[in-house]
Amino acid sequence: MKAIVYNRLGGSEVLEYVERPAPSAGRGEVLVRVNVAGVNFMDVGVRQGMAWNEMPFPRGMGVEGAGRVVAVGEGVTGFEPGQRVAWVYAPGSYAEMAAIPADALVHVPEVIDDRTAAAIMMQGLTASHFATDFYPVQPGDVALVHAAAGGVGLLLTQIIKQRGGKVIGRVSSADKVVAAKEAGADHVIVDAEGAFAAEVLRLTGGEGVHVVYDGSGPATFQGSLDALRRSGTFCWYGPVLGGPKDLNIMSLPKSIKLGYGVYRDHIATSELLRERAARLFSWVADGTLKVRIGGEYKLSDAAHAHDAIAGRASVGKLLLIPDDAR
Ligand SMILES: NC(=O)c1ccc[n+]([C@@H]2O[C@H](COP(=O)([O-])OP(=O)(O)OC[C@H]3O[C@@H](n4cnc5c(N)ncnc54)[C@H](OP(=O)(O)O)[C@@H]3O)[C@@H](O)[C@H]2O)c1
């Protein structure tokens, strides 16, 4: 089978499209044919050494996808060959076949196509957790959403709006404004320098926002603090770009609540994974949640997808399709 692997950390040039033996389903695993693999900003961070450094080289790339069950390993119940499935947080998804831990799999309803299913696993589960659990948005709340035209950003914006909140989005370039507005953002600020707080305060009559969702690194951190209202909530979630260097807790203003939302904690069990994935699928099916596919690349072209997301050129979700299936 064909797969993307990397033998060293670095830029997108380390990604290699190679022939590899197909994996088999070990105990507790399900062998799947990958129809679509999702690209996440996290993949860029992993490629640069942010996580999973205990894995030997060559390492597989990618953590999510959708496809069909080919075989079921020992001890697995609830999955059978031929069934449609999607998964998340399973390394090695940029491949034609993958052995996925059964705990990371969900069934995909007939009304949801593979592209949509793959697109909402990591980013949709993250966005829905942020708006319904990390800070359960209430009607009338005002939220600041960074990278509002990105994968998480477009979904988060829609879920906040669905709950009756208002959204101020921040994007880095004017060509992303339309996408953020189409997702429901009430205002969109174009800023790539971290100079957005004054505009947020102006838009909120000097009060600031109830919640800021910020995965955009050190450049936005201070502005996000400044944009919050008293007792506001700061949901920080951007390990790829990193956080402020030395954070003195006594420097935090306005009695804010600051937390780091981590996928493994907010989707900690397979039961919760399946419940939350089913909720997302139902929102897509009833039209409440629209999934924007910003680009489809051949699996062999994964490096270009990485360049697009890391170069701030992507809008919505980027997907990889095995070359023979395109
Ligand atoms: N903690 C968790 O559990 C968790 C789970 C999923 C995702 N995440 C995080 O959520 C964020 C969004 O992830 P995603 O997969 O949906 O990606 P994405 O938003 O589709 O793409 C990344 C976005 O980050 C923004 N960005 C800001 N500064 C950047 C820089 N210096 N270089 C490149 N991009 C920059 C860009 O938007 P602008 O150009 O408009 O600023 C870019 O579109 C990432 O930080 C990711 O690590 C965290």
Side-chain angles (χ1 to χ4, degrees), residues 11-12 37-48 50-52 61-64 88-89 93 118-131 133-134 144-159 167-181 183 185 188-196 212-221 223-224 234-243 258-268 272-273 276 280 291-295 305-320:
S12 63
V39 176
N40 289 288
F41 199 44
M42 170 192 178
D43 302 343
V44 172
V46 169
R47 194 196 69 211
Q48 294 168 338
M50 179 191 88
W52 290 338
M61 172 53 66
V63 296
E64 89 189 332
V88 64
Y89 226 80
S93 299
I120 55 174
M121 295 304 288
M122 174 64 91
Q123 295 169 349
L125 290 165
T126 299
S128 65
H129 173 81
F130 286 170
D133 295 72
F134 192 102
L144 171 60
V145 174
H146 284 283
V152 169
L154 288 178
L155 298 169
L156 181 56
T157 296
Q158 293 176 72
I159 298 168
V167 173
I168 300 173
R170 190 219 36 90
V171 296
S172 64
S173 56
D175 53 348
K176 296 182 176 181
V177 171
V178 172
K181 285 217 163 140
V188 182
I189 298 171
V190 179
D191 170 71
E193 312 294 329
F196 51 86
V212 55
Y213 297 102
D214 187 350
S216 289
T220 50
F221 191 81
S224 291
F234 193 135
C235 174
W236 187 88
Y237 64 99
V240 179
L241 294 168
L258 167 65
Y260 173 19
V262 179
Y263 179 85
R264 282 310 257 183
D265 298 321
H266 52 81
I267 307 290
L272 194 57
L273 167 68
R276 292 301 163 88
L280 285 170
V291 176
R292 182 176 179 132
I293 309 299
H306 275 215
D307 289 342
I309 198 167
R312 310 180 85 157
S314 62
V315 168
K317 183 71 182 181
L318 302 185
L319 299 174
L320 303 177

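Just so you know, ligand 1 is whichever comes first in the structure, and atom 1 is the first atom listed for that ligand.
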Region of [X] engaging ligand 1 - heavy atom pairs below 4.0 Å:
| X | value |
| --- | --- |
| Leu318 | neither |
| Arg264 | neither |
| Ala310 | backbone |

Quick one: does any side-chain atom of Gln158 pair with a main-chain N or O of Ala183 as donor and acceptor, under 3.5 Å? no

Show which atoms of ligand 1 fall inside a sub-4.0 Å distance from at least one heavy-atom site of [X].
| X | result |
| --- | --- |
| Gly261 | 1 (N), 2 (C), 3 (O) |
| Ile309 | 17 (O), 20 (O), 21 (O) |
| Val240 | 47 (O) |
| Val171 | 40 (O) |
| Gly238 | 45 (O) |

Heavy-atom proximity to atom 16 (O) of ligand 1 ranks first, among Asn40, Val152, Val188, for Val152

Looking only at heavy atoms, the pair that brings His306 and Val39 closest together is CD2-CG1, 4.3 Å

When every non-hydrogen atom of Met122 is compared with those of Glu64, the smallest separation belongs to N-OE1, 2.7 Å

Could you point out which residue of Ile189, Val315, Val177 forms a side chain to side chain contact (heavy atoms under 4.5 Å, CB included) with Val171? Val177

Is any NZ, NE, NH1 or NH2 atom of the basic residue among Arg276 and Asp133 found under 4.0 Å from an Asp or Glu carboxylate oxygen of the other? yes

Please identify each residue that fulfils salt bridge (Lys or Arg N to Asp or Glu O under 4.0 Å) with Asp307, with sequence neighbours left out. none

Report the nearest protein non-hydrogen atom to [atom]: residue, atom name, distance rounded to 0.1 Å.
| atom | result |
| --- | --- |
| atom 24 (O) of ligand 1 | Ala147 CB, 3.9 Å |
| atom 18 (P) of ligand 1 | Gly151 N, 3.6 Å |
| atom 41 (O) of ligand 1 | Arg312 NH2, 2.8 Å |
| atom 6 (C) of ligand 1 | Thr126 OG1, 3.5 Å |
| atom 19 (O) of ligand 1 | Gly150 CA, 3.4 Å |
| atom 17 (O) of ligand 1 | Phe41 CB, 3.4 Å |
| atom 3 (O) of ligand 1 | Tyr263 N, 2.6 Å |
| atom 48 (C) of ligand 1 | Tyr237 O, 3.1 Å |

Got an N/O contact under 3.5 Å between [X] and ligand 1?
| X | value |
| --- | --- |
| Arg170 | yes |
| Gly215 | yes |
| Ser172 | yes |

Compute the minimum heavy-atom distance from [X] to ligand 1 and say whether it is under 4.0 Å.
| X | answer |
| --- | --- |
| Gly153 | no |
| His266 | yes |
| Gly217 | no |

So do the side chains of [X] and [Y] get within less than 4.5 Å of each other, counting heavy atoms only?
| X | Y | result |
| --- | --- | --- |
| Met42 | Met50 | yes |
| Thr220 | Phe196 | yes |
| Leu280 | Ser128 | yes |
| Lys317 | Asn40 | yes |

Going by the angle between their ring planes, with limits at 30° and 60°, are [X] and [Y] parallel, tilted or perpendicular?
| X | Y | answer |
| --- | --- | --- |
| Tyr213 | Phe130 | parallel |
| His266 | His129 | parallel |
| Trp236 | Tyr260 | perpendicular |

Run Tyr237 and Tyr263 through side chain to side chain contact (heavy atoms under 4.5 Å, CB included) and show every step you take. CA-CA 9 Å; Tyr237 64 99; Tyr263 179 85; over 6 Å; no

